[in-house]
Visitor: 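Here you go, one structure.
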Amino acid sequence: MLSKAWSALRSIPWWAWAIALVALVPRLLLVPYGLPYEFDPDERLFVDAAWHMVEGGGGDPGWYNVPAATLMDILAALYWLYGLGGTLIGEFGSVAEAGEAYRADVSHFFAIARVVTAISGAGAVLVTYALLRELRVHVFWSAVAALLLAVSFAMIQFSALVRPDMLLTMFLLAAVITSMRTLKEPSARLFAIAGVFLGLAAASKYPGALAIVPIVAANATLVVQERITPRRGLLWLGGAVLAGAAVVAIVAPYLYVNFGETIRAVGAEARSTHLGATGAGMLSDLWRYLTEALPWGLGRNATIVGVIGLLAMLPFLRPRIVSITFWGFLAFISFLSLWWLRWALPLLPLAAIGAAFVLEQADIRLRARRPGRWLWVPRIVVAAVLIWPLVGPTIDSVGAQATNDDTRMRAVEWVHEHVPDGATLLIESYTTHLSSDRYDIVVAERGELVRWSDVSDKLRPDGYFATVAGEW
């Protein structure tokens with residue numbers, strides 16, 4: 001299997017690696033964004049849980065809400081190596097002492113985690129290319145789809161945050177690729193491999209369990225076409241599910257050991273209301289994902305072409321798997337009670353693939369009617385119409401974040417300049433971070449006003465409210 005993986009990597013052309021590099025650079029540029037401040041309230045949840053696996057959790061993060069097990073396993077290993085390296089050079093007295101440095105300044109731990117997610121974001125671009133080549137889409141249109149994802153600020157932004165969304169996207173796409181291959185070479189082995197990606201996707205985020213959709217679609221197709229018997233189909237499908245369950249057991253055994261806590265965590269994630277994110281019903285939410293979330297990630301032009309392409313895929317045997325996966329995932333997130341832009345991130349590569357597919361179909365028909373070298377002109381024009389609207393806003397947004405040109409940073413600077421030391425300030429828990437060494441910070445937490453005067457780790461910028469010790 002390793003030799004096949006190496007052969008697959010070697011078969012990727014230089015231009016695909018170049019696009020992956022184009023994707024990686026802006027993602028890495030955003031790694032230092034905001035540090036040592038914490039502008040995204042969820043990043044610390046993943047970092048804390050990963051460090052807990054090293055510091056005292058015995059490999060159990062003690063937090064199962066996402067579950068982000070793939071991400072936290074990688075981070076726990078890297079944090080242990082970071083602590084070990086610091087111990088060897090005399091920076092820390094032990095690996096555990098790295099936690100004290102983290103509580104004083106989150107920068108190193110956050111930067112390590114963001115590099116991991118940045119690499120996985122670039123990886124998602126490469127896996128998208130691999131899926132397009134599995135569909136035998138022309139290299140030009142494959143490049144267009146990959147570039148769409150490379151320059152999409154939505155993909156860049158969430159590749160530079162400590163979140164498991166890019167890992168989920170990678171594993172979901174890998175499950176689609178493997179499922180499509182079963183239609184060429186039906187085998188229990190390929191279904192088991194698809195099951196491995198199913199397990200990795202589910203261990204990354206609970207909705208990753210929807211990687212079962214392309215597996216079921218491929219299995220049902222083989223049975224309907226009478227290429228395998230229904231009994232064999234059920235056995236192979238069961239093997240894929242068991243492989244997925246086994247992978248979850250390896251990656252996140254605590255989800256089974258503490259199954260009751262896992263169920264409670266899933267229930268917490270499936271809550272019905274949220275300030276600013278409560279949905280408006282399945283049909284309304286589905287329409288908003290199509291008309292707001294997809295254009296947010298791909299632009300309006302690429303979204304329209306992508307949706308048309310996903311519909312055009314349905315009559316085709318193997319491309320149909322991509323389309324069914326897209327519509328199945330979209331239906332699921334639309335059915336949920338909440339509506340989040342980021343939930344649509346795994347849909348963006350699938351929509352870009354749909355765009356590449358339908359454009360190639362149009363290209364084939366045009367070449368059949370009017371052959372000639374001049375066809376490169378409309379190709380480049382169409383590619384520019386899809387990609388160029390994303391380039392300017394992405395350059396502006398990446399430039400602003402890479403230089404910490406953020407309203408919250410401006411607010412911090414204004415407060416430091418105009419508010420005297422020792423002043424009492426009431427701040428909202430997710431807003432600008434200010435030092436409790438310099439100001440008397442008061443926050444509203446669980447219906448009460450709470451002050452920071454007794455917080456132990458004062459060297460760290462305030463913003464994490466689990467350590468509040470004293471009441472107003």
Side-chain angles (χ1 to χ4, degrees), residues 40-80 109-110 112-114 116-117 119-121 123-124 158-159 161-175 195-213 215 240-272 274 277 329 332-333 335-338 340 342-346 464 466:
D40 187 297
D42 289 346
E43 285 189 289
R44 175 178 278 274
L45 297 174
F46 302 111
V47 175
D48 275 357
W51 177 244
H52 181 71
M53 295 172 72
V54 177
E55 191 175 36
D60 184 343
W63 183 72
Y64 308 157
N65 283 40
V66 174
T70 50
L71 175 62
M72 291 193 292
D73 283 355
I74 296 170
L75 295 187
L78 292 176
Y79 292 155
W80 183 83
F109 273 55
F110 272 44
I112 290 169
R114 288 178 180 180
V116 171
T117 55
I119 293 171
S120 65
F158 280 87
S159 297
L161 291 174
V162 188
R163 287 181 174 275
D165 298 273
M166 292 302 113
L167 288 170
L168 163 63
T169 301
M170 283 179 57
F171 296 134
L172 177 64
L173 293 173
V196 169
F197 291 124
L198 164 64
L200 290 170
S204 298
K205 292 189 77 171
Y206 289 120
L210 290 170
I212 191 66
V213 171
I215 298 173
V241 172
L242 287 176
V247 167
V248 173
I250 294 169
V251 173
Y254 45 82
L255 294 178
Y256 293 115
V257 174
N258 301 314
F259 191 69
E261 185 60 33
T262 301
I263 295 300
R264 284 190 290 271
V266 173
E269 287 295 299
R271 59 191 180 278
S272 59
H274 188 287
F329 198 99
F332 175 79
I333 60 175
F335 176 77
L336 299 176
S337 298
L338 305 185
W340 290 103
R342 64 175 180 267
W343 284 356
L345 287 169
Y464 185 55

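Remember, it's a predicted structure, so these values are computed and weren't measured experimentally. When reading the values below, keep in mind they use all heavy atoms of this one structure, side chains included, and skip hydrogens, waters and symmetry mates.
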Visitor: Looking only at non-hydrogen atoms, find the nearest pair between Trp63 and Val66 and report the distance.
Guide: CH2-CG2, 3.6 Å
Visitor: Tell me every residue that passes salt bridge (charged side-chain N to carboxylate O under 4.0 Å, His left out) with Arg264, counting only those two or more places apart in sequence or in another chain.
Guide: Glu261
Visitor: If you look at every heavy atom in Val47 and Ala113, which pair is closest and at what distance?
Guide: CG2-CB, 4.4 Å
Visitor: Can you see which heavy atom on Pro346 is nearest to which on Thr169, and at what distance?
Guide: CA-OG1, 3.6 Å
Visitor: Any chance you could measure Leu345, atom CG, to Trp340, atom CH2, to the nearest 0.5 Å?
Guide: 13.0 Å
Visitor: To the nearest 0.5 Å, tell me how far Leu338 CG sits from Ile333 CD1.
Guide: 12.0 Å
Visitor: In residues 205-213, what donor-acceptor pairs under 3.5 Å come from side-chain atoms, sequence neighbours left out?
Guide:
unit_1 : atom_1 : unit_2 : atom_2 : d
Lys205 : NZ     : Asp165 : OD1    : 2.9
Tyr206 : OH     : Tyr64  : O      : 2.6

Visitor: Can you see which heavy atom on Leu255 is nearest to which on Pro67, and at what distance?
Guide: CD1-CG, 4.0 Å
Visitor: Quick one: side chain to side chain donor-acceptor pair (under 3.5 Å) pairs with a partner in residues 67-79, sequence neighbours left out?
Guide: Thr70-Ser204
Visitor: For a quick test of reading the model, state the closest non-hydrogen atom pair linking Met72 to Tyr254 and the distance between them.
Guide: CE-OH, 4.4 Å
Visitor: Nearest 0.5 Å please: distance from the CZ atom of Phe110 over to the CG atom of Asp40.
Guide: 8.5 Å
Visitor: List the residues meeting ring-ring contact (aromatic ring centres under 6.0 Å, His included) with Trp80, not counting sequence neighbours, and say none if there are none.
Guide: none
Visitor: Is the ring pair Phe197/Phe171 parallel, tilted or perpendicular, if the boundaries are 30 and 60 degrees?
Guide: parallel
Visitor: Roughly how far, to the nearest 0.5 Å, is CG of Leu75 from CG of Asp48?
Guide: 11.5 Å
Visitor: Please report the shortest heavy-atom distance between Asp42 and Arg163, naming the atom on each side.
Guide: OD2-NH2, 2.8 Å
Visitor: For Thr117, give me all partners under side chain to side chain contact (heavy atoms under 4.5 Å, CB included), at least two apart in sequence or on another chain.
Guide: Leu71, Arg114, Ser120
Visitor: So, do Asp60 and Val257 sit near enough that their side-chain heavy atoms are less than 4.5 Å apart?
Guide: no
Visitor: Which residues satisfy the side chain to side chain contact (heavy atoms under 4.5 Å, CB included) test with Tyr256, sequence neighbours excluded?
Guide: Ala245, Val248, Ala249
Visitor: Can you measure from CD1 (Ile74) to CG (Leu167) and round to the nearest 0.5 angstrom?
Guide: 5.5 Å
